[in-house]
Number of protein chains: 2
Amino acid sequence: MITPRTPSGVLELLPAEQIAFQRMLEVIRAGYERFGFLPIETPAFEISDVLLTKTGGETERQVYFVQSTGSYEKAIAQAGGPGTSTEGQLPELALRFDLTVPLARYVAEHEHQLTFPFRRYQMQRVYRGERAQRGRFREFYQCDVDIIGKDELSVRHDAECPAVIHAIFSDLAIGAFTIQLNNRKLMGGFFEGLGVSDPEAQARVLREVDKLDKRGADHVRTALTGPTLGLSPDAAEQVLEFVAVRSMEHDDAIAILDRLAPPGSDGTALAQGVQELREVLTLVRALGVPESDYRLNLSIARGLDYYTGTVYETTLDDHPDIGSICSGGRYDDLAGHYTKSALPGVGISIGLTRLFWQLREAGLVDVAKSTVQVLVPQVDPDLMDATLELASTLRHAGINTETVLDGGRLGKQLRYADRAGIRFVALLGPQEVQAGNVTIKDLRRGDQFTVPRDDVVRALRVELAQPLVTAPD
Amino acid sequence: MITPRTPSGVLELLPAEQIAFQRMLEVIRAGYERFGFLPIETPAFEISDVLLTKTGGETERQVYFVQSTGSYEKAIAQAGGPGTSTEGQLPELALRFDLTVPLARYVAEHEHQLTFPFRRYQMQRVYRGERAQRGRFREFYQCDVDIIGKDELSVRHDAECPAVIHAIFSDLAIGAFTIQLNNRKLMGGFFEGLGVSDPEAQARVLREVDKLDKRGADHVRTALTGPTLGLSPDAAEQVLEFVAVRSMEHDDAIAILDRLAPPGSDGTALAQGVQELREVLTLVRALGVPESDYRLNLSIARGLDYYTGTVYETTLDDHPDIGSICSGGRYDDLAGHYTKSALPGVGISIGLTRLFWQLREAGLVDVAKSTVQVLVPQVDPDLMDATLELASTLRHAGINTETVLDGGRLGKQLRYADRAGIRFVALLGPQEVQAGNVTIKDLRRGDQFTVPRDDVVRALRVELAQPLVTAPD
C-alpha cells in the first residue's frame, strides 16, 4: 500500500473549490475573447535548446527537465562510463516556466501563417522548480494576453491591456482594484537627467526603488546614497519624489505628465515616455475604464531587462498585502532569438493559481454553489423510468441535472443536495406521477411548489434565472 | 539564432484550429456538467513512486520523468561516482500518462472529504513517451468522466455513461455514431462454458478476437485453433459466432440476451453479465438515448486486466477506420494500491487530441468561424475616441469585439475581417458620426445596413442570434 499524496508546491482542489477556480478561468477567457483575442495553447514541454535560449542563469536553475525512462537510463549509464563529461548535456525536453518564451517560439515558428497584429490569449499551467514554501507554487496557471506587431505596433495597443484587465477584474467581483501605469522610457529619461545613464546602474537603482513598499523610504534613501549606487543626497531625494508621484484622477495624471516634460524637452527619452503615457491614458479613458480604477504610478518598474515602454501593475484596494495580481508591459522584441523579424508587443499576465490561493486564504472564495443546478432524487425504485425521463427532459433543456440512482431515504438525498450546494430538487413520487406533476423544492429559500410535468422546464428556468433575494423578516 | 520548433508528437494548432478545438472542449465540458459531474484537475506531475504503483512494464517504459536542473546534475554526478548503482533510483517526479491513476490517487487521498458516489469529470493533457509516428501523440488531451462508489455502486450508473456520451456526440455534430456495449462477466461466463476458465487464456483469446475487424475471421480462426491457444474448431466457431452478435434494436438486444442466459443458468457469471447488460440497456433507453444510436456488441473486449462489467466503445458510422472515439467500462476497484476502501467505479474517456487530429485529416473540422464576432475598423484617426467608445458599448453587451488601432485602408481592414472569419463589421465614419448612426456590414451575407448608434447592440444581437441562411437564387 502506497500513501496517496501530491508533490509539494502544487494546488490541488476539492470539487467545490475547483468549480470556483473554473468560474474564474471562464471569466478571464470570456474577457479576453470579448476584446478580440484568439486562443492558443502550446505543449507543456519544449525542446530544451529552444526553451533555454532566451533566459539567463536564474530561470535555468528553476527549469524542470523531462526524460523518458530510456533516455534517463542512457544518460545515467553514459555518465558512469570512463572519461565522459556531462557538461552541456541537457535532457532533450523541458517544461515551460512561463508563457512568454513559448509565445515567442510560437510566433516565430508560425510567423507566415499568422496575421499581425497578432492578438492571442493563453491560459495554461507553467512549471518552476521553486523551493517549497507556503504560497510558492511549482505548478501554476498563467493567463496571458499579448498583442504582437510585425516591425511596428502602435502605442495605442498599450491602452487595450488596462481595458481588458478592467473588464475582467470587474467581472471577477473580488473587490475594488487599481490598475497602475508607468513608462520605462520616462523612467530611463528621468535617470539620465540625474546623470545615471548606464542601464545597469539604472536597473540597480530601480531594484532598490522596488523595495519602497516593503522597506520604506529611509531604507531606500540609505541604499541609494550608499557606496554601491553612489547617488548624491539631492539625486536620491529627486528619485524618491519622482516615484512618489501617484495620480488619483485622469486630468491630474495628464497635468503631472506635462510638468515632467516641459517645452524644450522634445526628443528626449523622457519626453517620448511622457507622450506615450499621455496617449495611453487618454485611450484608456476612451475605452470606458472609470477614472477611479487606474492611476499613474511612477514607482512601478517591472521586469527590468525586458519591458521598454508602458508597464502595468494591478492591486486589490482592500488587500495591498497581496501585491500585484496582474502585471505586464510593452517590449520591443519578442522573439529575437528565433527570427530576424522585429516583433514588438505588449501584454499582461494573471497568475491565477497564486491569486486563487490568496483569495482563499483571505476567505474570499465562494465555494457554496455547485455546477449541478437540479437534483432528481429517487423516491421510489419503481418510478425509475419516469425519474430518468424527467432528468433527460431537464438536460435537454440545458439544465445541469444529477440523478440519484442508488436510492436511500429521501431525507438523506435532500441533505446531500443541500450540502453539495445544489439549490433545486425536482421530485417525482407516486402522487406526482399519478397527478402528472413534479414537485420543485428550493433548498436555499426553503420552500416548494408543484407544477405540471410539461411545465417543469419553464418553471425551473424562471427560478434559475432569478437571483436569490433573502425575504425580509 | 535558434530554429523555433516544437518537439515531435505534439499537436500545436493555429488560432482558427484552436478555436474549433476549444469549442469541442466546451461541448464536452457542458455535456459532463449537464449530467451532474463535478470538475477536478490534478497536477501534471505526480510523485514517481505513487504514479508507478499500479502499472506494469509497458506503461512504465512510456513514462516521462521530471527533474529540476539540480537533481538531474546530482543524479548524473552520483552515477559517475565509483561503486554506485543506479538501479531503482528513479527521479522524484513523473508526468501522468492517463487520468485514471491520478483519479485513484485523488479519491484515495481526499476520500474523507468527498461524497460518494463521487461523480467527477477531468479534461487535461497526459504524456506518453510513444515512438514518434503519424497520429501518435506524446502529449494529448483526455476528457474523462467517472462515477466512483464507496463499497458498492449500483449497476444503474453504467447506463449514465452511454447517456452522457450520446448527448456530447450529438452536440459535437461530427456525424452519426454508435455506442456499443458489452459485459466482461458475460464474456468470461461464455468462455468458462467453453472450458477456457483460466483468465490468462481468456485474455489471450480476447486479444485475438480484438483483431477481428483488422485481420478478418479467417486469421482469428487460425490463431484460436493454433498451438498457443489450442481451441477446438467447434469452440473457435462458437467464439466467432458469439462475438458476431450485434443487435440493431433494443428489443432485439434483449431477446439475444435472453437466449444467452436460458432459465437454469442462474448464478453463473454468464447469467449475471446478461442480467447487468439487460438492466443497463433498459435504463439507457429510459435516459432517452434513441435505439438507433446504441447497440449490443459481444465482440467488444477493452482493457482486459481492468474492466470487470459493462464495457463501451463508440464509433463514427461514416468513419469506421477511425476506430473507437470514446471507450470505457466498469471496474471493481479503483484505488487498491492506495486505500483499503473498496472503490468500484464506471467511466469513459474521450481522447480529444487524437479525435481532433483524425477529424482534421478527414476534413471535418470547421475553422471558418472566429471567436471574434464584430470588427470595429478605424475609418478616420480623428474618430478614435468615438470608435473605442463604440467597441466598449459592444463589449459591455457581451459581444466579442476587435478594434483596429493601427489604421490602414478600410478595404484592407475589411478583407482582414473576412479572412479571419469575423462576420460583422460595425463601422463609424464621419457620415455616421454626424448622423448619430453606425453602419453594420455582414461580410458573409455581403450586405449592410445603418442603425442609430443607440440601437447598435440590439441590432447586432438580432444578427448574431440568427443563423446564416443562404438566400435562394
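A note on names: the letters A, B, ... follow the listed sequences, proteins ahead of strands, and every chain is numbered from 1.
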- Item | Worked check of side-chain contact (heavy atoms from CB on, under 4.5 Å) between Val66(B) and Tyr127(A) | CA-CA 11 Å; Val66(B) 173; Tyr127(A) 301 87; over 6 Å; no

Quick check on the interface: out of [options], who has the most heavy-atom pairs with chain B under 4.5 Å?
options                                   : value
Gly288(A), Ser392(A), Pro7(A)             : Pro7(A)
Ala163(A), Pro117(A), Ala167(A), Ala44(A) : Ala44(A)
Arg125(A), Glu92(A), His396(A)            : Arg125(A)
Leu375(A), Leu14(A), Val10(A)             : Leu14(A)

- Under 4.5 Å from any heavy atom of chain B - which part of Gln122(A):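 No part of it gets close to chain B.
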
- Query: Can Asn400(B) and Leu394(B) be said to form a side-chain contact (heavy atoms from CB on, under 4.5 Å), step by step?
  - Reply: CA-CA 8 Å; Asn400(B) 293 347; Leu394(B) 299 179; over 6 Å; no

- Query: Heavy-atom distance under 4.5 Å to chain A: side chain of Thr6(B), backbone, both or neither?
  - Reply: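 When you check distances to chain A, atoms from both the backbone and side chain of Thr6(B) fall under 4.5 Å.
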
- Task: Using non-hydrogen atoms and a 4.5 Å limit, figure out which bit of Arg120(B) sits close to chain A: side chain, backbone, both or neither.
- Result: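 It is neither, since no heavy atom gets under 4.5 Å.
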
- Query: Counting distance only, does the side-chain N/O of Asp406(B) pair as donor-acceptor with the main-chain N or O of Ser154(A) below 3.5 Å?
  - Reply: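 Between the backbone of Ser154(A) and the side chain of Asp406(B) there is a qualifying donor-acceptor contact (under 3.5 Å).
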
- Message: Tell me if a side-chain donor or acceptor on Arg128(B) pairs with a main-chain N or O of Phe97(B) at a distance below 3.5 Å.
- Response: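 A pair under 3.5 Å: yes.
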
- Message: Which heavy atom of Met123(B) sits nearest to which heavy atom of Leu25(B), and what is that distance?
- Response: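 Scanning both residues completely, I find the closest heavy atoms to be CE-O, 3.2 Å.
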
- Parallel, tilted or perpendicular, as decided by the 30° and 60° cut-offs, for the rings of Tyr141(A) and Phe21(A):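 Phe21(A) vs Tyr141(A) ring planes: tilted.
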
